[in-house]
Amino acid sequence: MIRFIVRRLLQLVPTMFGLSLLLFIWLHRLPGGPETSILGERATEERRAQIRASLGLDEPIWVQYGRFMRKLVAFDFGTSIQTGRPVMTEFGQRFPATLELTVTALVIAIGIGIPLGYMAARRRGSWLDNGTVMGSLLGVCVPVFFLAYVLKAIFSEYLHVFPSSGRQSDLLEATHVTGMFVLDGLITREWDAAGDALLHLVLPGIALASIPFAIIVRMTRASVLEVVGEDYVRTAEAKGLTERTVRGRHILRNALLPVATVIGLAVGGLLSGAVLTETVFAFGGIGSFLRDSIEFRDYPVLMGFIMMIALVYVLVNLAVDVSYGLIDPRVRVR
Amino acid sequence: MTLLSVQGLKVHFPIRRGVLFDRTVGHVYAVDGVDLEVPRGGTYGLVGESGCGKSTLGRALLRLSPVTAGRVVFDGVDVAALNGEALRKSRRRMQMIFQDPMSSLDPRQNVESILTEGLVAHGLGVNAAQRRTKVMETLDAVGLPRWAMSRYPHEFSGGQRQRIGIARALVLGPELIVADEPVSALDVSIQAQVINLLEELQAELGLTYLVIAHDLAVVKHISDVVGVMYLGGLVEEAPSRELYATPLHPYTRALMSAVPVPDPEVEDRRERILLRGDLPSPANPPSGCRFNTRCPWAQAKCATERPELVEVRPGHKVACHFTAEIDAGVLARN
Amino acid sequence: MTMSLLDVQDLTVAFTRRGEPDVLAVDGVSFTVEEGKIVGLVGESGCGKSVTSLAIMGLLPRRGVRLGGKALFEGTDLLQLDPGAMRDVRGRDVAMIFQDPLSSLNPVISIGLQVTEVLRRHRGLKGDAATREAAELLDRVGIPDPKRRLREYPHQLSGGMRQRALIAMAVACRPRLLIADEPTTALDVTIQAQILELLKDLVREFGTSMIMITHDLGVVAGLCDTVNVLYSGRVIEAAGRRPLFAAPRHPYTHGLLGSIPRLDADVDEALRPIRGSVRDALPWAKGCAFQPRCDRAVERCVGGAPELEDTFTGHLCRCVNPVSHEERV
Amino acid sequence: MSRKKDRIDQLAELAGTRAETGESLWRVAFKRVRRSPTAIVGAVIIAVFLLIALLGPLFAPHDPVAQTWRGDISESMGLFPGPRSGNLLGVDSLGRDEFSRLVIGARISLLVGVLATVFGLVIGAALGIASGTAAGLGGRVGGWIDSVIMRFIDILLSVPGLLLAISLAAMIGNGLPTVMIAVGTINVPIFARLLRGSMLAQAHSDYVLASTALGVRKPRIVFSHIVPNSIAPVIVQATLTLAVAIIEAAGLSFLGLGNANSSYPEWGVMLADAQRYLSVAPRLSIFPAVAIIITALGFTLLGESMREALDPKLRR
Amino acid sequence: AESKRDNSSTSKDKTLVFGTAGEPKVLDPALATDGETYRPPRQVLETLIGNEQGSAKLVPRLAEKWDVSPDGTVWTFNLRKGVKFHDGTDFNADAVCQNFNRWFNFTGLYQNVAEYWLDTFGGFAKSESPTAPPSNFKSCAAKDSNTAVISLNKPTSRLPGAFTLPAMSIQSPKALAEYANESMSGDAKNLTYPKYALEKMVGTGPFKFVSWDRANKKITMERNDGYWGDKAKIAKLIFRAIPDENARRQALEAGEIQGYDLVAPADVPSLTSKGFDVPARPPFNILYLGMGQDNPKLADVRVRQAIAYAVDREALVKSKLPNGAKVADQFMPDSVEGYASDVKKYPHDVAKAKSLLAEAGATGVELKFYYPTEVTRPYMPNPKDIFEILKAGLEEAGIKVTPVPEKWSPTYLDDVRAGKPDLWIVGWTGDYNEGYNFVGTFFGRQKPEWSFDNVALRDALAKVDIEPSREKRIEMYKDINKQIMEFLPGVPLSSSPPSIAFAKNVKGVKPSPLTDEKFYTAEFTS
Ligand SMILES: Nc1ncnc2c1ncn2[C@@H]1O[C@H](COP(=O)(O)OP(=O)(O)OP(=O)(O)O)[C@@H](O)[C@H]1O
Ligand SMILES: Nc1ncnc2c1ncn2[C@@H]1O[C@H](COP(=O)(O)OP(=O)(O)OP(=O)(O)O)[C@@H](O)[C@H]1O
Ligand SMILES: [Mg+2]
Ligand SMILES: [Mg+2]
Ligand code: NI
């Protein structure tokens with residue numbers, strides 16, 4: 001197991017290296033540069049050139065890449081052109097929001113998706129099954145931004161139950177420790193702050209969860225269907241075990257293994273889905289910042305954030321694989 | 001008269017594992033030093049427990065498995081040393097029949113295409129019409145209706161599929177056919193049809209067979225000479241009648257006594273030699289005589305010295321240190 | 001008349017599917033299992049052996065299955081029991097062993113848990129007591145070093161070991177009836193011999209009755225007291241094993257025996273296979289299902305199913321033109 | 001023809017087989033698909049929209065580009081004429097007939113979906129085949145090629161799709177080709193992995209071994225056995241991707257990267273453009289959104305039922 | 001435990017949350033030019049001269065009175081007495097001069113980003129760019145503690161208007177000194193804004209800066225109880241960035257924010273009907289259609305005129321622009337001094353356009369029309385629809401249009417500046433009420449986008465720029481406007497009033513033509 005982890009981590013090195021090279025070339029081939037955004041609309045060509053020079057953007061790309069890599073060794077992604085602050089600081093400040101949102105979406109998707117998928121599979125062909133499958137398919141088919149709008153129109157504008165934007169009520173002065181507001185509220189025992197942050201998470205959470213939810217429902221359903229037909233479930237039934245034992249120990253435990261993999265992969269979708277969701281809900285995470293950064297041609301942020309996201313994604317999947325190994329002994333010995 | 005002669009054949013599969021780069025940490029000794037000879041027009045039967053290396057040996061003869069060491073002399077040519085185009089050309093004369101008739105047929109190819117593929121590959125048959133005639137003749141030979149040509153494998157019953165597999169092997173006009181468990185996937189009543197077909201074809205076309213099976217009765221029925229394999233090596237080889245009458249190797253004896261006979265009289269009378277435990281792993285074979293861990297007659301010597309396959313009677317070879325003693329009944333079972 | 005342990009009467013299982021004709025997998029099968037006896041169900045693939053056993057165990061899916069007939073276990077009809085009550089019976093009074101020992105064990109749960117969960121469920125054993133009992137069970141079925149094995153997972157065991165573990169689970173509650181669905185088909189002959197020997201011992205030791213399902217006539221010949229031969233969902237011949245093998249009456253049984261290469265037969269003796277394949281069957285309603293493959297077929301074979309008749313004492317046969325006593329194998 | 005059939009039946013009886021009419025695997029799958037109600041719903045939806053896309057100009061009552069009713073529009077007064085005679089679904093923010101735009105828009109939207117999928121499929125399949133071939137049949141060098149390709153795929157996979165699309169769009173400029181390439185690129189790794197995976201599974205199958213034993217050359221084995229047998233899951237995936245592609249394209253349009261290029265209608269762009277009128281004329285958003293949702297649903301339904309039909313594990 | 005929460009009922013204790021479209025770049029207004037960056041300093045910092053609330057008229061702010069010498073080179077400010085910075089230090093002439101000298105002595109990257117200083121004074125004490133002209137700023141002297149004197153080398157039309165710019169806000173010298181030895185660039189090849197510009201803002205204004213929560217895009221300010229003027233009527237002011245237009249509206253309707261900027265014109269009527277207050281700012285901007293004369297066809301004035309006749313500006317204004325928008329007939333809105341009513345007009349006339357094109361032998365010309373996507377500017381609420389309408393007019397007149405949509409930043413701006421388009425749309429919101437801020441910005445120097453060299457126009461602009469007399473300048477601007485409209489380098493399209501929205505219970509914020517809204521007058525009613 002340890003060897004497996006070490007191996008995967010080592011494999012990460014060339015992948016990240018390749019990613020950085022690819023990204024670097026790619027980003028720096030984008031037309032335009034940060035100078036327009038720094039200087040605004042009236043800048044003269046001369047001053048733009050000066051900005052480019054002082055940012056080192058006039059040097060050959062490999063020199064720039066070399067400089068980037070030299071700093072990267074010390075885990076320094078440089079400084080955001082947009083905000084003039086270190087990229088890692090920006091990431092550290094914004095990632096908790098995205099993390100909170102992603103986790104919420106995952107909790108929603110998993111919390112509803114797995115039970116629903118299970119029930120659909122057990123009552124295969126029933127209206128519940130058909131409804132679930134249809135509903136989950138529909139979930140994938142609604143563009144997120146449209147879903148977000150409809151949710152807000154219903155729950156914020158009309159019913160006034162959930163806030164439509166932001167992460168916490170502006171009128172609240174909550175203490176922040178981790179940057180994940182719900183957690184902060186719990187840590188500092190400011191229950192109302194935690195509750196308020198939680199309310200703010202509901203709508204973006206649902207919007208972001210729609211796609212992973214559909215995937216999880218369908219995967220769970222298919223997987224349960226498959227496992228239910230397995231011989232060992234029949235064996236368990238033949239042993240006269242109670243329905244609960246059969247369900248929990250024999251069906252779900254096995255059926256959830258492939259679901260776990262899918263969840264791991266869905267994290268990638270969540271992270272990129274966050275770009276849209278955070279924009280529409282004015283939710284200050286890495287997604288909306290990344291979007292701004294592209295406009296700003298904020299190379300250090302783009303490089304740093306995308307690589308960090310890729311790293312998070314790869315690590316999450318590694319974690320999934322590891323936990324897979326912990327649950328499934330067949331994978332353990334390798 | 002010898003068509004096929006195998007000398008010191010070894011097939012070792014490397015076990016690769018490593019942190020960053022895979023290193024070979026050991027080998028699966030699938031076939032570990034096998035000598036055998038098959039005369040032209042004869043049938044050599046190979047039996048043994050699952051995982052003892054029968055299939056690997058059969059495949060190695062056709063170079064479908066890599067050969068680690070040894071010679072496979074087919075009609076005077078060492079096939080094990082051939083490569084590239086020469087190897088491909090040589091395949092025309094040696095064919096294979098597989099165990100699972102379904103998985104060995106491409107589900108997307110119709111029977112005609114399955115049968116002509118080899119002809120095309122070897123440039124046999126000048127034109128499509130000729131090839132078609134050839135295919136039809138072969139279908140007739142294996143007892144399939146001609147309309148089968150345009151059908152797909154899944155439209156046939158198991159027995160018919162196996163006939164297609166046989167036809168595919170036959171169509172190239174090979175001299176040697178390696179049949180890897182040709183009947184074990186078939187229903188009892190179909191097995192006999194296929195066995196009879198194989199026998200008829202041999203009589204008609206003068207084919208040479210190497211038949212692999214784990215069912216001793218089948219092997220004994222079809223073969224002139226039977227080789228008993230245990231953990232990568234031959235432990236006994238004898239004409240089939242002789243083998244049944246006087247099995248010499250302890251393993252053969254145990255095998256014989258284990259085969260159930262559909263006759264209550266025989267069953268009630270039989271004395272079983274029950275073996276302890278299971279086949280050891282070919283990756284970590286026991287030292288000395290491979291069978292010593294399960295042998296009822298095992299002695300100290302057996303754990304250290306590996307017995308050679310020696311001819312104890314004309315045509316009857318055994319690899320056991322104590323053949324004579326066991327046969328004479330002087331060695332007690334432990 | 002003493003009551004049989006299990007009395008299967010006219011068991012019918014039909015699989016229904018929307019838009020398709022029903023599949024009559026089991027079509028009026030009747031047989032009895034006496035206390036302490038071993039009953040064999042033989043037949044080729046797809047003849048309904050497994051479905052019969054699953055129906056008795058109440059393991060068929062509830063949806064899309066039509067059940068008929070009775071399966072009286074000590075007088076109670078298992079087919080009529082509600083699912084909860086059936087759960088109590090399963091594993092305690094009636095246990096089952098399946099064909100493929102690898103896929104029949106849950107790959108992600110330790111052997112120990114899989115054995116103890118039965119003990120816990122039906123014998124109320126807890127914690128250490130359950131573990132100890134499980135170890136004893138494993139020891140009984142011939143698994144060496146049971147303490148260690150309990151902690152291991154199915155993939156770490158060899159095929160024979162797995163089947164032994166499955167048997168241990170099945171006999172954990174000393175069931176009255178053990179149903180073994182091809183328990184040795186996936187195993188090597190040497191291992192098969194071990195397992196069969198073990199089953200024989202256990203049955204003798206516990207006084208358990210057993211239904212042995214197999215397609216291997218050899219296994220039946222060595223093990224069973226009575227044998228039922230199935231074809232296309234019906235029993236076509238039933239008899240004690242000696243009469244059956246000595247004088248098979250039904251052309252199918254006869255043909256089957258003729259097509260098996262026998263170790264003790266002479267090498268030159270040719271096999272006499274049955275024509276065609278199991279798929280070439282007539283629906284019973286139209287006649288004898290075996291008729292298309294039968295060498296002895298006569299006019300009367302078509303038109304309606306022949307009855308299962310007692311040809312002479314205890315030897316039942318469903319054929320209008322049975323093999324006479326003289327033309328034996 | 002009928003003579004032949006008769007003979008087949010005769011022969012079948014002789015051989016003791018019931019004659020079954022020849023059916024390829026695809027046909028069997030097709031039959032199964034046809035029995036599933038979801039598949040039928042999906043297929044009907046797709047058929048209808050395809051028809052609309054093909055025959056759009058015949059349906060459309062008006063020129064979708066002409067700003068005929070511009071005089072009726074006033075944003076500052078909240079004037080957006082809704083459904084009325086002549087304009088079945090009202091007019092859009094520039095006084096163009098909404099119904100005609102929807103009908104004509106089907107064409108480009110479907111085209112975007114299809115081309116994006118095809119783009120992803122072609123590139124993905126090429127990578128997958130290269131990698132699968134290398135891994136399945138080539139020795140040391142093959143393994144090396146395979147690793148390189150797979151690492152590249154990993155890299156693609158680890159970059160959030162939308163960002164990939166946004167930066168691609170920033171590089172090649174806005175427009176339909178951008179959307180198609182971007183959406184296609186997002187799907188490249190999926191197709192590649194899928195194909196490689198199933199190719200590897202096939203490469204170890206017995207019939208490949210059988211072909212090798214026949215002396216068939218490797219390239220032929222790859223292209224006439226392995227690839228055709230591996231392609232089924234990819235095709236199913238492609239159907240599903242079509243749905244996703246249409247939605248993703250809409251998402252890109254929402255971010256302003258879509259076919260802003262022309263006044264020619266496309267659902268994603270229509271939806272994105274109508275966002276600013278959500279409070280005054282929600283129908284301008286709802287119509288294209290519903291069109292997108294229904295089309296995507298059609299493809300998803302069909303794809304899912306195809307997946308179920310082709311999945312041997314779910315067959316029962 | 002409870003966190004602190006604002007649930008007070010009186011306006012004086014309440015918090016106002018205002019939704020903005022974006023975040024500021026920095027907190028030091030001297031280093032930026034954009035409206036979002038200026039919004040917070042406008043509440044926290046003050047300039048010497050201010051704008052009257054709701055108009056572009058100059059009024060005293062930190063200077064009670066100002067004078068200029070007749071030659072226009074010496075500006076004397078009589079400063080308000082008793083004003084204190086938020087950090088408690090005194091505001092006086094020294095403080096003013098320290099600010100001016102700080103700007104004048106900017107080095108390194110500061111020189112590039114201090115746009116408005118450059119625009120106003122042309123250079124720095126030590127200009128690092130070799131081609132830069134010498135600075136027009138000579139000195140700042142504190143005559144006494146309440147009199148500051150700023151001397152120039154030559155007069156400029158930018159003053160006194162530029163003194164109202166947030167970029168020239170006076171900040172606490174003490175606060176500046178704390179960060180004095182920080183350079184703009186952190187390390188080599190990394191642009192790092194000085195810490196001061198990122199975390200501090202100490203001025204004299206009605207609000208004190210509290211915090212900038214970047215993760216949540218939120219800037220918090222609180223009432224300055226020591227303010228010299230009318231104290232703010234709310235306790236706290238929060239600017240929260242909500243980039244999505246719909247999201248801003250929904251947040252207002254859901255009651256999470258009490259106001260927002262950049263209201264989509266289409267939302268105005270519906271918001272109004274729901275009872276929200278949606279005042280429009282007096283138009284102080286120009287949207288125009290640019291024409292690149294490096295296209296030989298466009299170098300022909302008849303073609304340019306044909307285009308002007310072809311585009312339907314009335315329809316554009318009526319259907320797409322907010323209430324109060326006007327068709328523009330010259331390159332400045334009518335509220336700017338120097339607006340000429342008698343310029344040559346180009347009403348919508350397709351026939352005339354066609355005949356002019358025929359006359360110029362330019363039938364069937366094809367023009368690359370660039371327009372920005374995904375952007376809302378105060379003068380251009382919906383570029384795509386505007387483009388569509390213009391395109392329809394041009395096509396009607398027989399001009400083929402190749403649309404080139406591009407992202408506003410950086411591609412569109414870069415390409416326009418590089419002179420790639422034949423036609424483009426862009427606009428300008430005035431900084432202060434001075435004609436040069438419009439026409440001078442457009443045509444004051446040669447630009448690749450227009451790619452023409454009209455010597456007469458350039459000279460006229462150069463002259464008006466150094467004319468010290470305001471009256472004379474006004475006349476000169478009128479002439480210049482006529483000249484421009486004859487030459488017709490582009491087609492002025494419209495001046496439109498961008499709207500701003502407030503909740504029903506918020507009153508008191510006067511929309512400003514310069515987007516210079518002051519929130520200290522805001523209050524909650526009932
Ligand atoms: N490609 C391979 N790589 C590594 N090990 C292999 C490979 N092929 C076979 N083996 C191993 O070699 C041993 C012999 O396998 P082989 O298939 O020849 O056995 P067999 O006698 O044919 O068994 P069976 O009766 O189950 O078919 C087994 O332990 C198997 O796991
Ligand atoms: N769930 C099901 N749905 C429909 N038909 C079924 C189902 N299960 C079994 N059948 C059909 O019932 C018949 C009997 O199947 P069964 O499994 O009992 O055969 P078997 O005798 O056990 O064969 P084998 O030797 O292959 O195990 C077969 O024709 C099979 O196709
Ligand atoms: Mg084998
Ligand atoms: Mg079965
Ligand atoms: Ni024979």
Side-chain angles (χ1 to χ4, degrees), chain A residues 31-34 36-43 45-47 50-51 54-56 67 78-79 81-85 90 93-94 96-97 149 152-153 156-157 160 163-175 179 185 188-193 279-282 284 288 295-297 300, chain E residues 1-7 15 17 25-26 32-34 108-109 111-113 115 118-119 128-129 131 185-194 197-198 213-218 238 240-244 246-248 250-251 253-257 407-411 413-414 417 426 441 448:
Chain A
T36 303
S37 304
I38 295 176
L39 294 177
E41 292 168 45
R42 359 171 135 206
E45 200 44 55
E46 189 195 353
R47 254 170 312 136
Q50 279 172 8
I51 292 273
S54 57
L55 287 172
R67 195 165 52 227
T79 308
I81 300 176
Q82 251 178 115
T83 66
R85 303 192 310 160
E90 295 291 354
Q93 273 196 5
R94 291 178 161 85
Y149 178 80
K152 284 199 281 183
S156 310
E157 268 183 67
H160 288 281
S164 75
S165 68
R167 298 184 56 201
Q168 202 161 43
S169 168
D170 298 309
L171 306 179
L172 210 67
E173 276 174 29
T175 331
T188 58
R189 293 161 174 273
E190 291 169 0
W191 310 123
D192 62 328
T279 305
V280 200
F281 285 95
S288 52
E295 212 141 298
F296 217 102
R297 299 292 187 267
Chain E
E2 288 263 306
S3 63
K4 268 204 279 172
R5 179 192 280 274
D6 171 26
N7 41 18
T15 303
V17 186
K25 282 180 191 151
V26 286
T33 57
D34 61 294
L109 262 177
Q111 292 198 354
N112 292 311
V113 292
E115 284 273 343
L118 260 171
D119 185 62
E128 283 169 19
S129 152
T131 56
S185 42
D187 60 78
K189 311 308 180 194
N190 257 335
L191 176 96
T192 309
Y193 285 109
L198 295 176
D213 178 357
R214 284 162 181 278
N216 294 300
K217 305 190 170 188
K218 216 160 86 175
I238 293 175
R240 179 146 77 86
I242 305 177
D244 185 64
N246 274 312
R248 283 202 297 279
Q250 288 184 312
E253 295 201 22
E256 291 152 39
I257 55 177
K407 274 275 208 197
W408 172 254
S409 172
T411 16
L413 289 175
D414 282 1
R417 215 166 355 228
V426 81
T441 306

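Residue numbers begin at 1 in each chain, while the letters A, B, ... track the order of the sequences.
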* Are A/S165 and E/Q250 close enough that a side-chain donor and a side-chain acceptor fall under 3.5 Å? -> no

* To do: Identify which of A/A97, A/G166, A/P34, A/G185 forms the greatest number of heavy-atom pairs closer than 4.5 Å to chain E.
  => A/G166

* Would you check if E/L413 and E/R417 make a side-chain contact, meaning some heavy-atom pair closer than 4.5 Å? => yes

* Side chain from CB out, backbone as N, CA, C, O: work out which of these in E/R214 comes under 4.5 Å of a heavy atom of chain A, or both, or neither. => both

* Any donor and acceptor pair, going by atom type alone, linking the side chain of A/S288 with main-chain N or O of A/G284 inside 3.5 Å? -> no

* Does the side chain of A/Q93 come within less than 4.5 Å of A/R85's, by heavy atoms? -> yes

* Structure fact -> Of A/R94, A/E157, A/R167, the largest count of non-hydrogen pairs under 4.5 angstrom with chain E goes to A/E157

* Looking at E/I257, E/V426, E/D213, E/L118, which makes the most heavy-atom pairs under 4.5 Å with chain A? -> E/L118

* Asked: Side chain, backbone, both or neither: which part of E/K218 has an atom under 4.5 Å from a heavy atom of chain A?
  -> side chain

* Sort out for me which of E/P448, E/A247, E/G255 touches chain A most, counting heavy-atom pairs under 4.5 Å. => E/A247

* Asked: So, do A/I81 and A/R297 sit near enough that their side-chain heavy atoms are less than 4.5 Å apart?
  -> no

* Structure fact -> Applying a strict 4.5 Å limit to non-hydrogen atoms, the region of A/F281 in contact with chain E is neither

* pair A/P300-A/T79: side-chain heavy atoms closer than 4.5 Å -> no

* Give, as side chain, backbone, both or neither, the part of E/A197 having an atom under 4.5 angstrom from any heavy atom of chain A. => neither

* Donor-acceptor contact present, side-chain E/R248 to main-chain E/P243, <3.5 Å -> yes

* Structure fact -> Turns out that what part of E/N112 lies under 4.5 Å from chain A's heavy atoms comes down to both

